[in-house]
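What follows is a set of notes on a single structure, which appears directly below.
Only a predicted model underlies this, so the values are computations on that prediction, with no experimental measurement involved.
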Amino acid sequence: SKVTITEGGNVGINESSPLGTLHVKEGDSGVTSADTSQDTLFLESNGNAGLTIATPNANTGYLTFADPEDSNIGQIIYRHSDNSMSMFVNAAERLRITSAGDTEIRNIVSVINNSYSQYLKFRTTQTNGQSTVTGQIAAQGKSGWGGDLVFYTKPANGTPNDTVTERLRITSGGDLQ
């Protein structure tokens, strides 16, 4: 049959033994089990598989992550009105890719002052799980919408517990320090 409903309530479309709560099968991929923490929707194909969110040109497509305290704590958003894509973390926009391909790291602050920073961190993780930040670039806000750009690195032959150290600063006035 085209639709199967198991005794446990799982639904299979073109699948008699659904691997998730809803299993939509376009073709046999060879996968025989699904991770139980990621099987609410299981899409299967013997070629490429995809999920499409379609909206009119003036609207927005959303992939939203929710918890009991916040119905949109995480989101991936595509705005057709300006052809931009954003990622929201902790209910705030943190990353945007514009239609021109520019990547913006975003931060929300209540007051423009000398106390906010945004970081681009470079992390190395070994196969044993040991991980460390090996470098970072910080945009440090200044009052009046100015800011410094600060580059940090970690010493060679150090340990994972070493902290990154400021190596170069470009001030809001263009000076190198």
Side-chain angles (χ1 to χ4, degrees), residues 31 34-41 43 48-177:
V31 173
D35 187 309
T36 57
S37 66
Q38 303 159 27
D39 67 347
T40 306
L41 174 62
L43 305 175
N48 297 327
L51 174 68
T52 299
I53 300 171
T55 67
N57 288 339
N59 294 88
T60 300
Y62 297 88
L63 179 59
T64 300
F65 304 87
D67 61 37
E69 287 77 37
D70 196 321
S71 63
N72 63 351
I73 195 72
Q75 295 180 312
I76 300 172
I77 294 176
Y78 190 87
R79 294 176 192 84
H80 292 280
S81 60
D82 66 1
N83 291 314
S84 67
M85 181 173 276
S86 296
M87 291 186 69
F88 284 64
V89 176
N90 199 21
E93 185 177 19
R94 302 299 184 189
L95 179 71
R96 181 180 292 194
I97 302 172
T98 69
S99 62
D102 296 333
T103 302
E104 301 172 356
I105 299 172
R106 294 177 161 233
N107 194 14
I108 297 173
V109 296
S110 58
V111 175
I112 300 299
N113 57 30
N114 292 329
S115 65
Y116 69 92
S117 295
Q118 295 171 281
Y119 296 93
L120 177 59
K121 294 184 178 185
F122 303 91
R123 179 173 293 278
T124 301
T125 303
Q126 292 181 321
T127 54
N128 67 5
Q130 193 172 30
S131 177
T132 188
V133 173
T134 55
Q136 69 186 28
I137 302 169
Q140 295 182 339
K142 301 292 181 186
S143 54
W145 295 99
D148 292 354
L149 194 57
V150 186
F151 296 81
Y152 298 82
T153 63
K154 188 173 270 203
N157 302 316
T159 71
N161 297 325
D162 292 338
T163 59
V164 292
T165 303
E166 182 176 332
R167 304 297 184 182
L168 174 68
R169 177 180 294 260
I170 304 171
T171 67
S172 58
D175 297 325
L176 293 178
Q177 297 180 350

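- What you find for P155 and T163 is that their closest heavy atoms are CD-O, 4.2 Å.
- The shortest non-hydrogen separation linking L43 to G50 is CD1-O, 3.7 Å.
- The shortest non-hydrogen separation linking Q75 to Y62 is NE2-CD2, 3.8 Å.
- S84 contributes atom OG, which lies 7.5 Å from atom OH of Y78 (distance to the nearest 0.5 angstrom).
- T125 places no side-chain N or O within 3.5 Å of a backbone atom of S131 that could act as its donor or acceptor partner.
- Of all non-hydrogen atoms in V133 and K154, the two that sit nearest each other are O-CE, 3.1 Å.
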>> Would D148 and R169 count as a salt bridge (charged side-chain N to carboxylate O under 4.0 Å, His left out) here? Give the steps.
In response: CA-CA 7 Å; D148 292 354; R169 177 180 294 260; 2.9 Å; yes
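- Of the inter-residue distances, the one linking T132 atom OG1 with R123 atom CZ reads 6.5 Å to the nearest 0.5 angstrom.
- Looking at T40, D35, D39 one by one, the single match for side-chain hydrogen bond (donor to acceptor under 3.5 Å, both in side chains) with S37 turns out to be D35.
- Of the inter-residue distances, the one linking T153 atom OG1 with I137 atom CD1 reads 11.5 Å to the nearest 0.5 angstrom.
- Residues forming a salt bridge (Lys or Arg N to Asp or Glu O under 4.0 Å) with R79 (at least two apart in sequence, or on another chain): E93.
- Atom CG of residue L63 and atom CZ of residue F88 lie 13.0 Å apart, to the nearest 0.5 angstrom.
- Considering all non-hydrogen atoms of both residues, Y119 and I105 come closest at O-CD1, 4.4 Å.
- Residues I170 and L176 have side chains in contact (heavy-atom distance under 4.5 Å, counting atoms from C-beta outward).
- We find the CG-CG distance between L168 and L149 to be 8.0 Å, quoted to the nearest 0.5 Å.
- In the displayed structure, N128 atom CG is contacted under 6.0 Å by more than 12 heavy atoms of other residues, nucleotides or ligands.
- In plain terms, the two heavy atoms of Y152 and E166 that are nearest each other are CD2-N, 3.3 Å.
- Rounded to the nearest 0.5 Å, atoms CG (D70) and CG (N90) are 7.5 Å apart.
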Using residues 53-60 as the side-chain source, report each donor-acceptor pair under 3.5 Å to any protein atom, sequence neighbours left out, with the distance given to one decimal.
{"residue": "T55", "atom": "OG1", "partner": "H80", "partner atom": "NE2", "Å": "3.1"}

